[in-house]
Amino acid sequence: MADPRPDDERTAPVPPAAPGGADEDFEHIDDSVCRSFQRAVEVVGGKWTASVLLASMRGARRFVEYRARIPGISNQLLSQRLRELQSRGLIDRTVVPTTPVQILYRPTERGAGLMRVLHPLIEWSVENDAGRTAADDDR
């Protein structure tokens, strides 16, 4: 049976493999998987979202604890991120019927799983952030 690809595809040079021979690790990624990955990246990439998730993993449970662990975030944005993460099943919100009422947040297993897979990215960011200053972040 003849090869159905056009001549230029059959004779085109094969690009070099990625460092470490990782090309084969990406062969199973189709458009559906790519869209799913893109949605996940957009969740984590939202402003302050990763900081809120990290604060939850480091023990923040009450709103004021999140504020203390995330300098610079506004009350409004923190509240918005907590609601968003709750709606995505990454953080649980519990109302404790005391006087005054307490609202407690904690990472779900799904949220903890996300942070476990993000840990290598955190390490990569530290290794590759050399030389940056706070002034760079303000730009």
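Numbers here are sequence positions counted from 1.
The hydrophobic clustering, which links ILVMFWY residues whose side-chain heavy atoms are closer than 4.5 Å, places Val41 and Trp48 apart. Cluster annotation: Phe37 is not connected to Val117 through the hydrophobic network of ILVMFWY side chains, with a link wherever side-chain heavy atoms come within less than 4.5 Å. The cluster map of Ile, Leu, Val, Met, Phe, Trp and Tyr, joined by side-chain heavy atoms under 4.5 Å apart, puts Val52 and Val64 in different clusters. At a threshold of 4.5 Å between side-chain heavy atoms, the hydrophobic network of Ile, Leu, Val, Met, Phe, Trp and Tyr places Val43 and Leu121 in one connected group.
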Below 3.5 Å, can you tabulate the donor-acceptor pairs from side chains in residues 82-93 to any protein atom, sequence neighbours excluded?
from: Arg83; atom 1: NH1; to: Ser79; atom 2: OG; distance (Å): 2.8
from: Glu84; atom 1: OE1; to: Arg81; atom 2: NH1; distance (Å): 3.2
from: Ser87; atom 1: OG; to: Glu84; atom 2: O; distance (Å): 2.8
from: Asp92; atom 1: OD2; to: Arg106; atom 2: NH2; distance (Å): 2.9

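The side chain to side chain contact (heavy atoms under 4.5 Å, CB included) search around Glu65 returns Ala60, Arg61, Arg62, not counting sequence neighbours. Residues satisfying the side-chain hydrogen bond (donor to acceptor under 3.5 Å, both in side chains) criterion with Glu123, sequence neighbours excluded, are His119. Taking the salt bridge (charged side-chain N to carboxylate O under 4.0 Å, His left out) definition, one finds that Glu109 meets it with Arg116, sequence neighbours left out. Take Met115 and apply the side chain to side chain contact (heavy atoms under 4.5 Å, CB included) test, not counting sequence neighbours, and it matches Leu53, Leu54, Met57, Leu118, Ile122. Judged as a salt bridge (charged side-chain N to carboxylate O under 4.0 Å, His left out), and not counting sequence neighbours, Arg39 has no contacts.
In this structure, the side chains of Ser56 and Tyr66 come closer than 4.5 Å at one or more pairs of heavy atoms. In this structure, the side chains of Ile103 and Phe63 stay at 4.5 Å or more apart for every pair of heavy atoms.
Atom CZ of Arg58 sits about 10.0 Å away from atom CD1 of Ile70, to the nearest 0.5 Å.
When all heavy atoms are compared, the tightest approach of Val33 to Ile29 is CG1-CG2, 3.9 Å.
Checked by atom type and distance alone, the side chain of Asp129 never pairs as donor or acceptor with a backbone atom of Ser125 at under 3.5 Å.
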